[in-house]
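Below, each value reflects all heavy atoms present in this structure, side chains not excepted, and no hydrogens, waters or symmetry copies.
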Amino acid sequence: MLFTRASFVIALATSAVAAAPLERRWGGWGNWDHDGGRPWWTPSSSYLDFGKRFPGADSNAPICDLSQAVMPTAPTPLPAPAPGLSLSHVAIGRGTQNYTCDITNATAIPLAVGAKATLFNVSCLAADTPALLAKLPSIALDLPIPSSDGDDSSPAYQDISGHHFFLDATTPFFDLDTTLHQYGTGQFKKANSSAAPSDAALGTNGQGFGSVTWLKLDAKDAAGQVLQEVYRLNTAGGQPPKTCQGMAAAFEVQYSAEYWIWAQ
């Protein structure tokens with residue numbers, strides 16, 4: 001799923017700057033565009049430089065020092081990364097958690113069947129301005145999901161780290177390869193979890209059923225991929241209602257989260 005609308009990350013940063021003090025790194029202010037009454041940032045000749053993010057025109061690999069980045073601590077602390085791994089990438093995921101329901105049973109509990117999200121590169125925010133990064137999942141949740149038509153020349157595409165989806169109900173997959181970079185791919189399995197903090201976002205525009213759990217994922221085949229562990233942290237939204245009453249047989253709940261990706 002590729003995006004042609006003005007950069008989603010720019011929209012995040014524009015909102016975040018209003019929410020917290022931050023050194024201004026704008027190269028131009030551009031113009032506001034509206035789609036169905038929802039604002040989108042249309043950059044002018046240049047756009048936000050997330051802490052020296054771009055070493056060259058054809059790469060969005062972070063060149064900041066990720067060794068200085070510190071992961072958020074879960075309410076129930078998750079295990080530390082395995083010895084020998086290094087932090088490879090940090091992304092904001094924006095998409096949906098997907099569920100099914102037995103519509104013949106109003107008291108049935110919605111069944112999680114996976115998720116689908118686009119990942120946006122915020123690696124240097126993790127190293128340079130972690131307080132700002134912590135605000136982005138909740139901000140992202142209140143921004144509309146961009147359209148899915150691809151345009152690899154758009155700022156939005158250049159901000160994309162990759163995509164996250166499920167191969168089956170228990171196998172999350174991360175694809176960090178695009179036409180602009182090849183960071184790696186990997187199949188994972190759930191290793192540990194922690195409930196989200198009690199003050200986490202309920203859902204879009206403050207309406208919903210809470211935020212999905214924080215997770216540690218391990219590679220399904222550690223010998224067969226570079227990407228080894230993924231942490232889903234600072235989740236916003238994504239929880240389904242407690243029962244299937246009034247729900248469709250299949251439905252989606254919008255969410256956002258930080259993804260911290262560790263590699264060999």
Next item on the list: Give the intermediate values and the outcome of side chain to side chain contact (heavy atoms under 4.5 Å, CB included) for residues K189 and L217.
Entry: CA-CA 5 Å; K189 60 186 178 182; L217 307 175; over 6 Å; no
Notebook entry, point to check: Mind checking whether W214 and L202 sit in one hydrophobic cluster, side chains of I, L, V, M, F, W, Y counted as touching below 4.5 Å?
Noted result: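 Different clusters: W214 never reaches L202 through Ile, Leu, Val, Met, Phe, Trp or Tyr contacts under 4.5 Å.
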Side-chain heavy-atom pair [X], [Y] within 4.5 angstrom cut-off:
{"X": "S123", "Y": "L66", "answer": "yes"}
{"X": "L136", "Y": "V122", "answer": "yes"}
{"X": "K216", "Y": "V230", "answer": "no"}
{"X": "L233", "Y": "M71", "answer": "yes"}
{"X": "L119", "Y": "H163", "answer": "no"}

Check: Minimum heavy-atom separation for C244 to P110, with atom names?
Finding: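 Result for this residue pair: SG-N, 3.7 Å.
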Note to self: How close do A127 and D65 get, counting heavy atoms only, and between which atoms?
What the structure shows: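 Nearest heavy atoms, A127 then D65: CB-O, 3.5 Å.
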Note to self: Between T213 and R232, is the side chain to side chain contact (heavy atoms under 4.5 Å, CB included) condition met? List the steps.
What the structure shows: CA-CA 8 Å; T213 57; R232 184 180 77 186; 3.3 Å; yes
Under the rule for side-chain hydrogen bond (donor to acceptor under 3.5 Å, both in side chains), what residues qualify as partners of [X], not counting sequence neighbours?
{"X": "S198", "answer": "none"}
{"X": "Y259", "answer": "Y255"}
{"X": "E258", "answer": "N234, W260"}

Item checked: CG-CG distance between L111 and N98, expressed to the nearest 0.5 angstrom ->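 Atom-to-atom, L111:CG and N98:CG are 11.5 Å apart.
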Next item on the list: Enter the distance from I160:CD1 to N121:CG here, rounded to the nearest 0.5 Å.
Entry: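 The distance works out to 11.0 Å.
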Item checked: CA sep, side-chain torsions, deciding dist, call: V212, Q97, side chain to side chain contact (heavy atoms under 4.5 Å, CB included) -> CA-CA 9 Å; V212 288; Q97 295 286 317; 4.0 Å; yes
Next item on the list: Can you tell me which residue pairs pass the salt bridge (charged side-chain N to carboxylate O under 4.0 Å, His left out) test with a partner in residues 234-255, sequence neighbours excluded?
Entry: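 The answer is none; no pair qualifies.
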Please list every donor-acceptor pair under 3.5 Å in which a side-chain atom of residues 165-177 meets a protein atom from a residue at least two apart or in another chain.
from, atom 1, to, atom 2, distance (Å)
D168, OD1, T170, N, 2.9
D168, OD1, T170, OG1, 3.2
D168, OD1, T171, N, 3.0
D168, OD1, T171, OG1, 2.8
D168, OD2, T171, OG1, 3.2
T171, OG1, K220, NZ, 2.8
D175, OD1, D177, N, 3.1
D177, OD1, Y183, N, 3.0
D177, OD1, G184, N, 2.8

Notebook entry, point to check: With sequence neighbours left out, which residue pairs that include part of residues 91-113 fulfil the ring pair (Phe, Tyr, Trp, His ring centres under 6.0 Å) condition?
Noted result: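 Only Y99-F251 qualify under ring pair (Phe, Tyr, Trp, His ring centres under 6.0 Å).
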